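Basis for what follows: all heavy atoms, side chains included, without hydrogens, waters or symmetry-related copies. In this text the structure is predicted, and so the values were computed from the model without any measurement.
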Amino acid sequence: MCTETFLHLPEEKRNRFLEASWEEFTSVSYSEASINQIVRRAGVPRGSFYQYFTDKQDLFLYLLDLIRTHLITEFQQMVAQGKGDIFQTLLLCYDRFVRQGPAADALFDRLIRILQLNSGLHLQMSLMDQPDQCMLLAIWPQLDLSSFRRQDRDYIHHVFLLALMALAVSVKDTLASPDDAARHREELVLRLEIIRHGSLLPSAQSHSTKEVTYA
């Protein structure tokens, strides 16, 4: 992680260094990323880099931690908008993360580019430890679990993991073929319906996933 020296840099200088780092890690693979290129773009001496971070890996993990924190915050906001419904929340997340143009989520876009450039990158190990459990722990107090067959954390974790995997597949497919976004969204709705019907009490299974869009 970063040093106190980096945290106490003037905001403009710190942001300039981070932008240079993002540009490098979203342009080439991790193995090809160069400290020399980062400091050149940032306009700082190479020696200053080691006053901020131990090495390239230290900087890379710091950037991934920024993404992790951002994603958790976004999930918390989506849960509030979805009124505690896991399935509505993930549909809202889909609408948020596949946005293009000026409305696109900048950090999520950077994450996607990093993953595309590093096919061997193990997201679970490098972005966060057990990302599904980290997300669930962060949003747990906001969830409405009254309709589930079971409400213990282990059971809800498995439901959330399945739904999260469905979201990840649909987002990946949409980013690969944006022209088919409507079809990919319909597929996500169907997958979430299947998971919903398998996890809710019989009395709640008649309520279909409502169509929602991110405002």
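- A side-chain donor-acceptor contact under 3.5 Å links Q151 to the backbone of L145.
- Ring geometry, F97 versus F108: the interplanar angle falls under 30°, so the pair is classed parallel (tilted spans 30 to 60°).
- In this structure, a donor-acceptor pair under 3.5 Å is present between the side chains of S146 and D144.
- Panel note: side chain Q76, backbone A138; a donor-acceptor pair is recorded below 3.5 Å.
- In this structure a side-chain-to-backbone donor-acceptor pair under 3.5 Å is missing from E32 to Y30.
- Proximity of a side-chain donor or acceptor of E24 to a complementary backbone N or O of S34 within less than 3.5 Å is detected.
- H184 places none of its side-chain heavy atoms less than 4.5 Å from the side chain of V98.
- Residue pairs meeting the side chain to side chain donor-acceptor pair (under 3.5 Å) criterion with at least one member in residues 2-13, sequence neighbours excluded: E12-R16.
- Inspection of the Q37 and R40 side chains reveals an N or O donor paired with an N or O acceptor under 3.5 Å.
- Side-chain contact check for Y62 and S21: no donor-acceptor pair (N or O, by modelled atom type) lies under 3.5 Å.
- The two atoms that bring N118 and I114 nearest to each other are ND2-O, 2.7 Å, heavy atoms only.
- The shortest non-hydrogen separation linking A163 to L90 is CB-CD1, 3.1 Å.
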Show your reasoning for whether salt bridge (Lys or Arg N to Asp or Glu O under 4.0 Å) applies to R113 and D109. CA-CA 6 Å; R113 280 187 278 168; D109 181 64; 3.0 Å; yes
Report the C-alpha distance between R183 and E186 in whole Å, list the side-chain angles of each, state the deciding distance to 0.1 Å, and finish with yes or no for salt bridge (Lys or Arg N to Asp or Glu O under 4.0 Å). CA-CA 5 Å; R183 177 171 62 84; E186 289 175 2; over 6 Å; no
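- The heavy-atom pair separating D55 from D58 by the smallest distance is OD1-N, 2.8 Å.
- Under the 30°/60° scheme for interplanar angles, the aromatic rings of F53 and F17 are found to lie parallel.
- The only member of D95, D173, T174, L190 that meets side-chain contact (heavy atoms from CB on, under 4.5 Å) when paired with R185 is D95.
- Y52 and F6 have tilted rings, their planes meeting at an angle from 30° to 60° on a 0 to 90° scale.
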